[in-house]
Amino acid sequence: LLLPLGAVLAILFAGASIWMLRQRLSPRGELAAAVRQREFVAHYQPIIELSTGRCVGAEALVRWRRPNGQLVRPDLFIPLAEETGLIRAITDQMIGAVIEDLGAALVADPRLHVAINICAEDLSTGRVLGVLEEALAGTGICSNQIWLEATERGFVDIEGTHATLAKARARGHFIAIDDFGTGYSGLRYLQRLPIDALKIDKSFIDVVGTEAPTSHVTEHILALARELHLTVVAEGVERPEQADYLRQSGVQMAQGWLFSRALPADAYLAFCRINRAQYGAPCNVVPFQA
Ligand code: C2E
Ligand code: MG
Ligand code: MG
Ligand code: MG
């Protein structure tokens, strides 16, 4: 009888150890630990006003900085973060980082903005608006300096998203549809959405001026934006010809490696200083005109 009992205990012990090890080493466990240890940092990609070359803002892009110094790109952990609900804590850390990193610069220049990416769940529930309100209180940063980016993929709950965007806008935030063109939004649908800007997905910028079947999508998006009085931001601009084409077409803003990659906060602030010396302070956003 003793022998089987010992065996059972040994199996139980081994099982528990494996379970504990997995908890510790599973991607989910690692991500949860990273959230607890606040290993997320924001990098900032400059957003350029095409007509003047001025830096008018930045998009905050999350990076996971592992204790060994390695930076993990968001594509590798955002899906898991969304699946596990850890995205909420990551978003909150991003909001904290934005205010800490860029607060002084935003207060010093009320025309500078920073865009934050919002996940589907927060679009649905509006939870993030409370977090933002609390974080902004007493900072002197205006709510219209905080843009919210929502992807069409993030419109899981249409009713909830609509309510959240309307509320965000009523509070003064500026709403941009991210990766525009890759989702399903038609004119009808867009017309009903309380939004301010469209960010044209990089895949459509890549083919500008080529023979690709989608090379004219940008023109259609611009016509749509004009119709709905929306600002247009081009994503992933890498070549001068693309910037020339976009400028001539009337696209107001762009971001991409042609101007700068996403930068750590201090490097972004240095970029702004150099840019300002060259082009002067950023001016107000002018609605798209034909
Ligand atoms: P996104 O919001 O569409 O961000 C633009 C992505 O394109 C960024 O990649 C940026 O570094 C990259 N990019 C910008 N310009 C160029 C260019 O000229 N060439 C190329 N090849 N790439 C360029 P990143 O930082 O890896 O972010 C990937 C995606 O992860 C983002 O796409 C966004 O959907 C998501 N993401 C990033 N930060 C956050 C966050 O804080 N919260 C949430 N929920 N999602 C985030
Ligand atoms: Mg974005
Ligand atoms: Mg985007
Ligand atoms: Mg994109």
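Any value given below was found using the heavy atoms of this structure, including those in side chains, with hydrogens, waters and symmetry copies removed. The first residue of the sequence shown is numbered 1, and numbering continues consecutively from there. As the structure lists them, so they are numbered: ligands from 1, and atoms in each ligand from 1.
Across Val62, Leu61, Leu123, Leu258, heavy-atom proximity to atom 40 (C) of ligand 1 is greatest for Val62. Here atom 45 (N) of ligand 1 lies nearest to Asn117 when heavy atoms of Asn117, Ile87, Val72, Thr182 are compared. Distances from atom 25 (O) of ligand 1 to the heavy atoms of His43, Arg63, Arg153 put Arg63 nearest.
Which parts of ligand 1 touch Met94 is read off a 4.0 Å heavy-atom cut-off, strictly below it: atoms 41 (O). Shown in contact with Arg73 at under 4.0 Å from a heavy atom are these atoms of ligand 1, numbered in order with element: 26 (O). Annotation for ligand 1: atoms under 4.0 Å from non-hydrogen atoms of Val237 are 18 (O). Within ligand 1, counting atoms from 1 as listed, the ones closer than 4.0 Å to a heavy atom of Glu238 are 17 (C), 18 (O), 19 (N), 20 (C), 21 (N). Every atom of ligand 1 is numbered from 1 in the order shown, and the set under 4.0 Å from a heavy atom of Gln45 is 14 (C), 15 (N).
Between Arg66 and Glu30 there is a salt bridge, with a side-chain nitrogen of the basic residue lying less than 4.0 Å from a carboxylate oxygen of the acidic one.
Between the side chains of Glu159 and His162, no donor N or O sits under 3.5 Å from an acceptor N or O. A side-chain donor-acceptor contact under 3.5 Å links Glu59 and Gln255.
Neither the backbone nor the side chain of Ile116 comes within contact range of ligand 1; no heavy atom lies under 4.0 Å. Counting heavy atoms closer than 4.0 Å to ligand 1, residue Glu82 contributes nothing at all. At a 4.0 Å heavy-atom cut-off, ligand 1 touches Glu59 through the side chain alone. Heavy atoms of Thr151 found under 4.0 angstrom from ligand 1: none, in either backbone or side chain. With a heavy-atom cut-off of 4.0 Å, Glu235 touches ligand 1 through its side chain alone.
Checking Asp179 against the Mg ion (ligand 2), every N/O/S atom stays at or beyond the 2.8 Å cut-off. Among the backbone and side-chain atoms of Thr151, no N/O/S atom is found under 2.8 Å from the Mg ion (ligand 2).
Here the side chain of His173 pairs a donor or acceptor atom with the backbone of Ser143 at under 3.5 angstrom. For the pair Glu49 (side chain) and Met253 (backbone), a donor-acceptor distance under 3.5 Å is absent. Remark: side-chain polar atoms of Asp196 are paired, donor with acceptor, to backbone N or O of Ile175 under 3.5 angstrom. Side-chain N or O atoms of Gln252 include none that pairs as donor or acceptor with a backbone N or O of Ile48 at under 3.5 Å.
For the pair OD1 of Asn117 and OE2 of Glu59, the angle at the Mg ion (ligand 2) is about 90°; rounding is to 10 degrees.
Restricting Asp178 to its N/O/S atoms, the shortest distance to the Mg ion (ligand 3) is reached by OD1. Closest to the Mg ion (ligand 3) among the N, O or S atoms of Glu235 is OE2. The atom of Glu149 that is an N, O or S and sits closest to the Mg ion (ligand 2) is OE1.
Using 4.0 Å as the threshold, Asp178 has a heavy atom nearer than that to some atom of ligand 1. Residue contacts with ligand 1 include Gly236, since one of its heavy atoms falls under 4.0 Å from the ligand.
Between Val217 and Phe180 the shortest side-chain heavy-atom distance does not fall below 4.5 Å.
Other members of the cluster containing Leu31 are Val35, Phe40, Val62, Trp64, Val72, Leu76, Phe77, Ile78, Leu80, Leu86, Ile87, Ile90, Met94, with ILVMFWY side chains joined at under 4.5 Å, either directly or via other members.
Cluster annotation: Val251 is connected to Leu258 through the hydrophobic network of ILVMFWY side chains, with a link wherever side-chain heavy atoms come within less than 4.5 Å.
Considering all non-hydrogen atoms of both residues, Leu112 and Cys55 come closest at CD1-O, 3.8 Å.
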Please list every donor-acceptor pair under 3.5 Å in which a side-chain atom of residues 127-139 meets a protein atom from a residue at least two apart or in another chain.
from, atom 1, to, atom 2, distance (Å)
Arg127, NE, Asp122, OD1, 2.8
Arg127, NH1, Asp92, OD1, 3.3
Arg127, NH1, Asp92, OD2, 3.1
Arg127, NH2, Arg88, O, 3.4
Arg127, NH2, Asp92, OD1, 3.0
Arg127, NH2, Asp122, OD2, 3.1
Glu133, OE1, Arg171, NH1, 3.4
Thr139, OG1, Leu136, O, 2.6
Thr139, OG1, Ile141, N, 3.1

